[in-house]
Amino acid sequence: MEIRDILTQQQNFFNSNTTKNVHFRIEQLKKVKAILKENESLLYRAIYEDFGKSEFETYITELSLIYHEINSFIKHTKKWSKRKKVSSGLVNFPSKSYIIPEPLGVTLVIGAWNYPYQLSLIPAISSLAAGNTVIIKPSELPDKTSEVMAKIINDNFQSNYFCVVEGGVKETTELIEQKFDKIFFTGSIPIGRIVYQAAAKNLIPVTLELGGKSPTFVLADTDIKMTAKRIVWAKFLNAGQTCVAPDYILVDKSIEEIFLLALKNEIEKYHNNKEDIDENYLRIINTNNFDRLSKLIDKDKVYVGGYLNRENRFISPTILKNITFEDEVMKDEIFGPILPVISFTNLDEVIKKVKERDKPLSCYIYAKSRKQINKLLRELSFGSGAVNESLMHLSNSKLPFGGVGLSGMGSYHGKAGFDTFSHYKSILDKPFWFESKLKYAPYSKKNIAIMKWLIE
Ligand code: NAD
């Protein structure tokens, strides 16, 4: 079916008001969960074929997050969809004021490839919970996962309500030219710009979940062993192909050597650090990205790893040391298993350096001193982050997830996702039995004095 026709059908279905019924929405969310459960083996197989992701990692970083979000929406959608009373103030006496959450209409979700299921399905679920219709356009790069999502959803839902349109640049370009009521995009900054510009032509509201270089501070008083353990897990999960992965380390010079050693020990504990694929470690998505990443490895600065196998698209967990802000690897988001380590002697100077760069999607702070932690939290602007942890903030649906500045606009997860796909319609509701003369002419000094008293 033509994209334009799907859109028209979704507009008609939305206008039938079916999706405004909260029970209908909850039933659909339950159905999404049931069909994902039924087809789990297909989902596991497809992602393994695309980039060697194990069942364990797929469950932890994709399916568990999706189920967690669906459960939260099933539980809260009724409450979140209710109108909320607010006070009217004396000036509007007698009246009621309330806010009605309403769905936006027909929504488009464009996904990125690195977590192909959750990056498409969590925004889609949020949109369905808010009462919209949804078209998902998954990334075309992992073609098996795109195909399996299209099959599971298109076989089980009518396209006038919820469907997947597969494709690459051509199809996405056609989609973003349509008059959607909302576009939710996850991906890179340059493509985010294209989507934003296309949406602006029709004044379509957008949420942009973009990327950036997420700094990770390791201060002198940290628990070195635990810090290394948590960072190594977060960085090399998905072979570093995670938008919120620690992109680079800023470590206090006084603990640099011992911290590097701790990183090395952790890598050796968990990863088969050879020119080979191990079951717990992913391939790079395609040769383009493999070649891009290979060029970032300065052989003279490799402290751990640096093993490459182009045929298998394998890059072993790699630590680079003696890095400065001027190195090539510090120019753009790495998005792969390469971790540059920069040491510093003056925290204020390094904060200044970070502030000179674009606002990151995430920031991680490893330290014990609350004073230093709070200083970093206060001085740096970033989307979201964690203290003495990395990545796990995503697993709490009570924490809105999104970027700031070039790392994105808008947020989702839990209630934030519901809000992102809702309009809050404000209503002042008055009876007929009383009308004050205050606002009507003839205007008098006495009336303005009373108005001032009421308002101020
Ligand atoms: P991408 O920008 O290349 O692609 C994202 C989507 O845009 C895909 O669906 C793709 O088909 C589509 N697209 C590609 N070129 C297009 C064009 N010219 N016109 C219209 N649409 C086009 O991103 P990616 O490579 O899939 O993902 C990697 C990037 O995404 C990284 O920068 C990463 O940080 C970011 N990311 C952000 C988040 C987040 O939640 N903030 C999550 C994952 C990835």
Side-chain angles (χ1 to χ4, degrees), residues 3 50-51 61-62 65 69 108-124 126 135-143 145-146 149-150 164-178 180 183-199 201 206-214 235 237-247 284-290 292-293 331-336 358-363 382-385 391 393-395 399-413 416-417 420:
I3 284 170
D50 277 331
F51 46 117
T61 64
E62 300 258 13
L65 297 177
E69 287 281 330
L108 171 65
V109 172
I110 303 172
W113 61 264
N114 56 326
Y115 290 93
Y117 298 139
Q118 56 123 329
L119 293 178
S120 292
L121 287 169
I122 294 180
S126 317
I135 296 176
I136 292 180
K137 208 300 291 176
S139 169
E140 70 284 18
L141 294 189
D143 54 341
T145 49
S146 167
M149 268 194 290
V164 173
V165 172
E166 288 189 273
V169 178
K170 180 174 160 285
E171 291 76 7
T172 321
T173 305
E174 191 182 339
L175 278 164
I176 58 181
E177 280 165 0
Q178 311 298 319
F180 281 94
I183 298 178
F184 187 105
F185 170 83
T186 302
S188 60
I189 294 169
I191 310 300
R193 276 187 217 280
I194 294 175
V195 172
Y196 198 22
Q197 275 166 3
K201 283 191 193 140
V206 292
T207 295
L208 300 176
E209 296 285 341
L210 309 175
K213 285 183 90 61
S214 300
K235 175 70 190 186
L237 187 81
N238 225 39
Q241 303 166 111
T242 304
C243 55
V244 285
D247 187 273
I284 303 303
I285 184 72
N286 56 21
T287 37
N288 273 352
N289 271 295
F290 177 90
R292 176 185 64 80
L293 289 163
K331 299 237 159 81
D332 291 312
E333 179 184 8
I334 297 171
F335 218 58
D358 298 326
K359 291 182 181 177
L361 183 58
S362 289
C363 175
F382 52 89
S384 58
L391 252 60
H393 56 299
L394 261 81
S395 64
L399 292 174
F401 174 66
V404 57
L406 280 202
S407 58
M409 59 178 79
S411 60
Y412 72 129
H413 286 190
T420 283

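Note that ligands are numbered from 1 as they come in the structure, with each ligand's atoms numbered from 1 the same way.
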Next on the checklist: Please list the nearest protein heavy atom to atom 41 (N) of ligand 1 with its residue and the distance rounded to 0.1 Å.
Outcome noted: Leu210 O, 2.6 Å
Item to check | Per-atom contacts of ligand 1 with Trp113, taking only distances under 4.0 Å to non-hydrogen atoms | outcome: 24 (P), 25 (O), 26 (O), 27 (O)
Checklist entry - Which atoms of ligand 1 sit under 4.0 Å from any heavy atom of Lys137? => result 8 (C), 9 (O), 10 (C), 11 (O)
Item to check | Test side chain to side chain contact (heavy atoms under 4.5 Å, CB included) applied to Leu108 and Thr172, Ile135, Val195, the passing residue | outcome: Ile135
Item to check | The one among Gly403, Ser407, Ser411, Gly187 that brings a heavy atom closest to atom 35 (C) of ligand 1 | outcome: Gly187
Checklist entry - With atoms numbered from 1 as shown, which atoms in ligand 1 lie under 4.0 angstrom from a non-hydrogen atom of Glu140? => result 10 (C), 11 (O)
Checklist entry - At what distance is the nearest protein heavy atom to atom 32 (O) of ligand 1, and which residue and atom is it? => result Glu333 OE1, 2.8 Å
Checklist entry - Counting heavy atoms only, which of Thr172, Leu141, Thr186 comes nearest to atom 20 (C) of ligand 1? => result Thr172
Item to check | Element-labelled atoms of ligand 1 that are located less than 4.0 Å from some non-hydrogen atom of Gly211 | outcome: 34 (O)
Checklist entry - Touching ligand 1 at all, Ser139? Heavy atoms, strictly under 4.0 Å? => result yes
Checklist entry - Between atom CG of Leu293 and atom CG of Asn288, what is the distance when rounded to the nearest 0.5 Å? => result 11.0 Å
Item to check | Leu406 side, atom CG; Glu333 side, atom CD - distance, nearest 0.5 Å | outcome: 11.5 Å
Next on the checklist: If you compare all heavy atoms of Lys137 against all heavy atoms of Glu166, which two are closest, and at what distance to 0.1 Å?
Outcome noted: CD-C, 4.5 Å
Next on the checklist: Side chains of Ser407 and Phe382, heavy atoms from C-beta outward: is any pair under 4.5 Å?
Outcome noted: no
Next on the checklist: Measuring from atom CG of Leu119 to atom OH of Tyr412, what distance do you get when rounded to the nearest 0.5 angstrom?
Outcome noted: 5.0 Å
Item to check | Closest approach of any protein heavy atom to atom 27 (O) of ligand 1, naming residue and atom | outcome: Ala112 CB, 3.6 Å
Next on the checklist: Between Val206 and Phe185, does the side-chain contact (heavy atoms from CB on, under 4.5 Å) criterion hold? Intermediate values first, please.
Outcome noted: CA-CA 7 Å; Val206 292; Phe185 170 83; over 6 Å; no
Checklist outcome for this item: Val169 heavy atoms within 4.0 Å reach ligand 1 at atoms 15 (N), 16 (C), 17 (C), 18 (N)
Next on the checklist: Rounded at 0.5 Å granularity, tell me how far OG1 in Thr61 sits from CG in Leu391.
Outcome noted: 9.5 Å
Checklist entry - Out of Ser120, Gly402, Ser188, whose heavy atom is nearest to atom 1 (P) of ligand 1? => result Ser188
Checklist entry - Near Phe401, which atoms of ligand 1 are under 4.0 Å from a heavy atom of that residue? => result 40 (O)
Next on the checklist: Are Trp113 and Asn286 packed together at the side-chain level, in the sense that at least one heavy-atom pair is separated by less than 4.5 angstrom?
Outcome noted: no
Checklist entry - Looking only at distance, does Gly168 have an N or O less than 3.5 Å from an N or O of ligand 1? => result no
Checklist entry - Would you say Ser411's side chain and Gly402's backbone share a donor-acceptor pair under 3.5 angstrom? => result no
Checklist entry - Given the protein's heavy atoms, is any one of them under 4.0 Å from atom 4 (O) of ligand 1? => result no
Item to check | Minimum-distance protein heavy atom relative to atom 8 (C) of ligand 1 | outcome: Gly111 O, 3.3 Å
Next on the checklist: I'd like the name of whichever of Leu119, Ile191, Thr242 reaches closest to atom 16 (C) of ligand 1 through any heavy atom.
Outcome noted: Ile191
Checklist outcome for this item: Any heavy atom of Asn114 under 4.0 Å from ligand 1? The part involved is side chain
Checklist entry - Out of curiosity, Ser188 OG to Phe335 CZ, how far, rounded to the nearest 0.5 Å? => result 9.0 Å
Next on the checklist: Could you check whether any side-chain N or O of Ser126 sits under 3.5 Å from a backbone N or O of Ile122, counting only pairs where one atom can act as donor and the other as acceptor?
Outcome noted: yes
Checklist entry - Which heavy atom of the protein is the closest neighbour of atom 7 (O) of ligand 1, given with residue, atom name and distance? => result Phe185 CE1, 3.4 Å
Checklist entry - Would you say the side-chain atoms of Asn114 pair up with the backbone N or O of Gln241, donor to acceptor, closer than 3.5 Å? => result yes
Checklist outcome for this item: Taking only non-hydrogen atoms of Phe335 and a 4.0 Å limit, the atoms of ligand 1 in range are 28 (C), 31 (C), 33 (C), 34 (O)
Checklist entry - Of all the atoms in ligand 1, which lie at a distance below 4.0 Å from a heavy atom belonging to Cys243? => result 33 (C), 34 (O), 36 (N), 37 (C), 38 (C), 39 (C), 40 (O), 42 (C), 43 (C), 44 (C)
